2 protein chains.
Amino acid sequence: MLSQTAEYALRAMVSLATSGGQSRTTQELAADAHVPLDYLSKILNSLAKAGLITGQRGRGGGFHPTARASGLTVLEVVSAVDPLKRIKTCPLGLAAHGTNLCPLHRKIDDAMQTVEVAFAGTTIESLVGKSFCETEECHAV
Amino acid sequence: MLSQTAEYALRAMVSLATSGGQSRTTQELAADAHVPLDYLSKILNSLAKAGLITGQRGRGGGFHPTARASGLTVLEVVSAVDPLKRIKTCPLGLAAHGTNLCPLHRKIDDAMQTVEVAFAGTTIESLVGKSFCETEECHAV
DNA sequence: AATTATCTGGATAAGGTTATCCAGATATCG
DNA sequence: CGATATCTGGATAACCTTATCCAGATAATT
């Protein structure tokens, strides 16, 4: 459903949100979110370019959420790195259809819309609970 | 959301359902569903192996739905070629979680479940309407 | 200024999905 | 039986996503 990239981006954002606006390095985030360091680096870059976080170079640097990140939703994070592709025109290339999708694609797009709405209604903050964990065992690993 | 393969499989099954149990060749299906011929060939093979359709070789051959295909749902077709991967255990590899997902993954899996339910509640038959089309222009293309 | 920590970004590799090609098996028709 | 139509399935290529490597830029600390 979500690409690996989107999944990683969400984990990183949740992890960042956990430390309440404070800076965290790529290393810390990678360790916490269990994301390959160098790959996460690219993803954080995308999130920075999308304006969701800011990177600070040099010693003591790291990433922190921007002002815009308050009330940030799952959908916004996903959209920043790997947007859900809603079906707007007939995938068969039948231009004649216009906005009038075949029953099949209408159904598929409806499902996507449901997901989109669910993600738009979920803030990153609402997902914060002992980093990723609801139980104690998490950080014992 | 769906892989290309799943999308193609659905188109082919809808197309097949349109001809009401009659055999259609890979060529016909490929043309109708706008799927690359040789790739569709593989997909039909998977659907056959899953028992949703039967292939008949030789002149006059083709594919037709099996008995099991009556009442067939979108979910069953998708599952035959490229199952939705529900989240059952913590993707971070935290075995300690067991069935107890982090808030993030609980949310994502809930969305997937919604999709799954929607697909399970939609039969292929219900999607049949002038092949893929609700309008006349379709087959003019 | 030198050292160290950190992000930035280019190059490249590894792996999976999608697409194509084609030889072989099988069935029908004449 | 020979020709033709069709599925079957292996090999391979094209492409995209994911992952890794590493040199450079920038900032803090000593």
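The analysis underlying the following values was restricted to heavy atoms, covering all of them including side chains, and did not include hydrogens, waters or symmetry mates. Each chain gets a letter, A, B and so on, in the order the sequences are listed, and its residues count up from 1. Not measured: the values here are computed from a predicted model.
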K.L.:
Measure from the side-chain heavy atoms of B:Tyr39 and tell me the nearest of C:dT8, C:dT18, D:dC7.
P.N.:
C:dT18
K.L.:
Would you mind reading off the distance between A:Lys42 atom NZ and D:dC16 atom C1', rounded to a whole angstrom?
P.N.:
16 Å
K.L.:
Can we say B:Asp110 and B:Arg106 salt-bridge, meaning some charged N sits less than 4.0 Å from an Asp/Glu carboxylate O?
P.N.:
yes
K.L.:
Search all heavy atoms of B:Glu7 against all heavy atoms of A:His105 and return the closest pair with its distance.
P.N.:
OE2-NE2, 2.5 Å
K.L.:
Of B:Gly55 and A:Asp82, whose closest DNA chain D nucleotide lies nearer the 5' terminus?
P.N.:
B:Gly55
K.L.:
Distance check needed: D:dT6 C1' versus B:Gln22 CD, whole Å only.
P.N.:
17 Å
K.L.:
To the nearest Å, how far apart are A:Leu44 CG and C:dT8 P?
P.N.:
9 Å
K.L.:
Looking only at heavy atoms, which two atoms of A:Ala6 and A:Asp82 are closest? And how far apart?
P.N.:
CB-CB, 4.4 Å
K.L.:
Using whole Å, report how far CD1 of B:Ile43 lies from P of D:dC7.
P.N.:
14 Å
K.L.:
Taking all heavy atoms of B:Tyr8 and all of B:Ile43, pick out the closest pair and write down the distance.
P.N.:
CB-CD1, 3.6 Å
K.L.:
If we ignore angles and hydrogens, is there a donor and acceptor under 3.5 Å between the side chains of B:Tyr39 and B:Thr5?
P.N.:
yes
K.L.:
Among residues 1-9 of chain A, which ones have heavy-atom contacts with DNA chain D below 4.0 Å?
P.N.:
A:Ser3, A:Gln4, A:Thr5, A:Tyr8
K.L.:
Could you state the atom-to-atom distance from CG of B:Leu37 to P of C:dT20 in whole Å?
P.N.:
9 Å
K.L.:
Taking only Lys NZ, Arg NE, NH1 and NH2, and the carboxylate oxygens of Asp or Glu, determine whether B:Arg24 and B:Asp32 approach each other closer than 4.0 Å.
P.N.:
yes
K.L.:
Roughly how many Å is it from CD in A:Gln27 to P in C:dT6, rounded to a whole number?
P.N.:
7 Å
K.L.:
Strictly below 4.0 Å: does A:Asn45 bring a side-chain N or O up to OP1 or OP2 of C:dG9?
P.N.:
yes
K.L.:
Can you see which heavy atom on A:Leu29 is nearest to which on A:Ala12, and at what distance?
P.N.:
CD2-O, 4.0 Å
K.L.:
What integer distance in Å separates A:Asp38:CG from D:dC22:P?
P.N.:
10 Å
K.L.:
I need a per-nucleotide contact map over nucleotides 23-30 of chain D, read 5' to 3'. Cutoff is protein heavy atoms under 4.0 Å; write B for the base, S for backbone only, - otherwise.
P.N.:
-BBBBBS-
K.L.:
Assess whether side chain to side chain contact (heavy atoms under 4.5 Å, CB included) is satisfied between A:Leu10 and A:Ile124, documenting all intermediate values.
P.N.:
CA-CA 8 Å; A:Leu10 286 170; A:Ile124 296 296; 4.0 Å; yes
K.L.:
Whole-Å distance between D:dT20 P and A:Leu40 CG?
P.N.:
12 Å
K.L.:
Any side-chain N or O of A:Lys49 under 4.0 Å from OP1/OP2 of C:dG9?
P.N.:
yes
K.L.:
Where is the tightest heavy-atom contact between B:Ala33 and A:Leu92, given as atom of each residue plus distance?
P.N.:
O-CD2, 3.1 Å
